[in-house]
Protein chains: 2
Amino acid sequence: MAIGLAHAELIAVLSAVTGDEPRVMTVRSGDALPSGPFELGHRSLQAGLREWVRDQTGHPLGYLEQLYTFADRDRTHEDAEGRTISISYLGLVREQAAPGAGKPGWHGWYEYFPWEDHRRGGPDILADITGRLEGWIASEPARREHRQRRVDFAFGLDGAVWNEDLGLQRYELMYEAGLVTEAGCPPAKSFGRSMFADHRRILATGIARLRAKIKYRPVVFELMPESFTLSQLQRTVEALAGLTLHKPNFRRLIDQQELIEETGEATSETGGRPAKLFRYRHAVLEERALSGSKLPLSRN
Amino acid sequence: MAIGLAHAELIAVLSAVTGDEPRVMTVRSGDALPSGPFELGHRSLQAGLREWVRDQTGHPLGYLEQLYTFADRDRTHEDAEGRTISISYLGLVREQAAPGAGKPGWHGWYEYFPWEDHRRGGPDILADITGRLEGWIASEPARREHRQRRVDFAFGLDGAVWNEDLGLQRYELMYEAGLVTEAGCPPAKSFGRSMFADHRRILATGIARLRAKIKYRPVVFELMPESFTLSQLQRTVEALAGLTLHKPNFRRLIDQQELIEETGEATSETGGRPAKLFRYRHAVLEERALSGSKLPLSRN
DNA sequence: CCGGATATACTCACTTCGAGTATAAAAGGA
DNA sequence: TCCTTTTATACTCGAAGTGAGTATATCCGG
């Protein structure tokens, strides 16, 4: 069986949460995701990326999973024979281990996707977007109905509810409708900060994946410091989902799953009544991480 | 940014269900999964694979999704510079469109994973496997506890319940314990039919992904003929999951989701009372395919 | 016309889950 | 000191979902 030659690169969506702001590691002042060649000599892709991140950033990398492999024709490396295959990964970095977070190199998710943050209600920018999308829908009568259904579903219009998992579909619709500069839209009429090539699409893929995952796997804890309060944990989940949650239900679900345990200490840095500190029960839960563990993503 | 050179190949896990037997398309008399070079000139990986499958098999390919990209050191192409990157896909083929199903080229899933079929109760082979695993657990005192937890969880022992989604973890445990020929185990002491290189592991990845997916996305319908009875649908799901389901609950969940509609006809080929025929509501559901749609995988 | 087989329909108890309400313990200013 | 604000923690209730069992309908073949 013959084998085609290609160039291989790794692209990483590395996220951390500082306070209540989800961030992504970037290069070129926030214009691109970190990427690099897939070097020979690595044991595996996963190991290669781990090593590379450690060298480049000094941050130990907790959770790491493959996102998607792209090889579209428009990704062909300029002057080279063969084409480029981009293998993208999603990685989670602990806040405390990310001293660079906040400084250049880390940028908030919602700079790139301002319409995705619904923690203070649906953002005003949404009305502008859906308005422009209506124009796009009307512009081609033959596909009108189909487009209308897609938009209503993705943006929670006409009876549908906003679903935080559909971030990628929303970005792709906006791309199709020419509302982002990556699709050739003039900056003045586009939405959100754009990125190099298809990096923003890859970021959207990572965000969508993470938002879906926190609902059934205890990956949030990869973003938390060693000990934390329940409110901190909730704010982290809220930051990722771009939604606010019902506090009593959040707490109920967390402790009925026995994912965490009290450290015995408390902190009064939170303003009001001191909060108990908790830690994640690593050892006991290695396996369970593979199955259960839901988070209550009910709208508030 | 420099780009590493590599060989790229595509590997496909193409599945169909005939009657109540889930099958996978194979080459080399069932010893390998179909694979081929990633040719230049394809619009994308997805398009390349679609084209390639159509040419090779004559089967139109319905659902297609990327599974995983492998590039471990032991997958290096023999005499070549660079290494091989294998991009694997999961594809679903309709029974009626797979005239070759049953003939050479298609093999039942459970030839390769006999311990995964629990439709007639836990298979006898399971006792042999867990017995051998106990030996492996005991063989290294330092990791005993950890191994015990992994095995109990994956195989549903010691209070845990059998989880059909964990097929990949089960295979990997068996590989680690040296119970499969791919890991160097002599054929007489190994379990299930083996495959070339890591193809059986890729098949396990595909099966696990599909078993997980049918629970929240309506992908089963990609495997059904145009019109079908509810029992047929249930038997297909059962074949994939390797479990039997509670009939009344299955029907309730199906029709409360409004995924299907009656064709108006009925068939009396089933032996007893004639069964109504249904069809999947394609058009209405393009978008919903992205979110909801659960299947009742409750044990019976 | 009756039993076997399959299809279809209904019921009930238990759990889950969204949503609201109540109490506890700190800080800080009047 | 006390009262308000703020945050943490605890409890309750009703609606919906889910597992499991039972009952009825309609064919076939003897």
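Side-chain atoms are counted along with the backbone in the values below, which use heavy atoms only and exclude waters and symmetry mates.
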Check the pair B:Arg23 / B:Ser15 against side-chain hydrogen bond (donor to acceptor under 3.5 Å, both in side chains), numbers first and verdict last.
CA-CA 5 Å; B:Arg23 299 189 133 91; B:Ser15 282; over 6 Å; no
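- Nucleotide D:dA8 holds its P atom 15 Å from the CG atom of A:Asp255, rounded to whole Å.
- Between A:Lys276 and A:Glu265, none of the side-chain N atoms (NZ, or NE/NH1/NH2) sits under 4.0 Å from a carboxylate O, so this pair counts as no salt bridge.
- Applying the 4.0 Å criterion to OP1 and OP2 of C:dT8, one finds that B:Lys276 has every side-chain N and O outside that range.
- Between B:Gln256 atom CD and D:dG19 atom P the separation is 11 Å, expressed in whole Å.
- In this structure, B:Glu145 places its CD atom where only 12 or fewer heavy-atom neighbours from other residues, nucleotides or ligands lie under 6.0 Å away.
- Mapped onto DNA chain C by nearest heavy atom, A:Arg273 and B:Leu277 fall at different nucleotides, with B:Leu277 at the one closer to the 5' end.
- Among D:dA20, C:dC17, D:dT9, the nucleotide with an atom closest to any side-chain atom of A:Leu253 is C:dC17.
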Between A:Tyr89 and A:Leu67, is a side-chain contact (heavy atoms from CB on, under 4.5 Å) present by the stated rule, with each step listed?
CA-CA 5 Å; A:Tyr89 277 83; A:Leu67 264 183; 5.8 Å; no
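- With axes fitted over five pairs at each extremity, the angle between the ends of the helix from C:dC1-D:dG30 to C:dA30-D:dT1 is 20° (10° resolution).
- Rounded to whole Å, the distance from CG on B:Leu230 to C1' on D:dA25 is 15 Å.
- Residues B:Glu164 and B:Lys215 are paired through a salt bridge, judged by an N-O separation under 4.0 Å between the basic side chain and the carboxylate.
- Atom CZ in B:Phe228 sits roughly 16 Å away from atom C1' in C:dA7 (whole-Å rounding).
- Residues B:Ile260 and B:Tyr280 share a closest heavy-atom pair of CG2-CA, 4.2 Å.
- Salt bridge B:Glu116/B:Arg170: present, at least one basic N to carboxylate O contact under 4.0 Å.
- Atom pair A:Ile260:CD1 and D:dA8:P shows a separation of 13 Å (rounding to whole Å applied).
- Screening B:Val13, B:Val17, B:Leu210 for a side chain to side chain contact (heavy atoms under 4.5 Å, CB included) with B:Leu92, the sole residue that qualifies is B:Leu210.
- Nearest-nucleotide positions on DNA chain C place B:Gly272 closer to the 5' end than the other of A:Pro274 and B:Gly272.
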Using a cut-off of under 3.5 Å, enumerate the N/O to N/O pairs linking the protein to nucleotides 10-15 of chain C.
none

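- Rounded to an integer number of Å, the gap from NE2 of A:His246 to C1' of C:dA22 is 13 Å.
- Counting to the nearest Å, the P atom of C:dA9 and the CD1 atom of B:Ile254 are 14 Å from each other.
- Salt bridge annotation for A:Arg209-A:Glu65: present, with a cationic side-chain nitrogen under 4.0 angstrom from a carboxylate oxygen.
- Among the atoms of the strands shown, none is found under 4.0 Å from any heavy atom of B:Thr229.
- What separates CD of A:Glu265 from P of C:dA26 is a distance of 16 Å, to the nearest Å.
- Taking only side-chain nitrogens and oxygens, A:Ser231 comes nearer than 4.0 Å to OP1 or OP2 of D:dA8.
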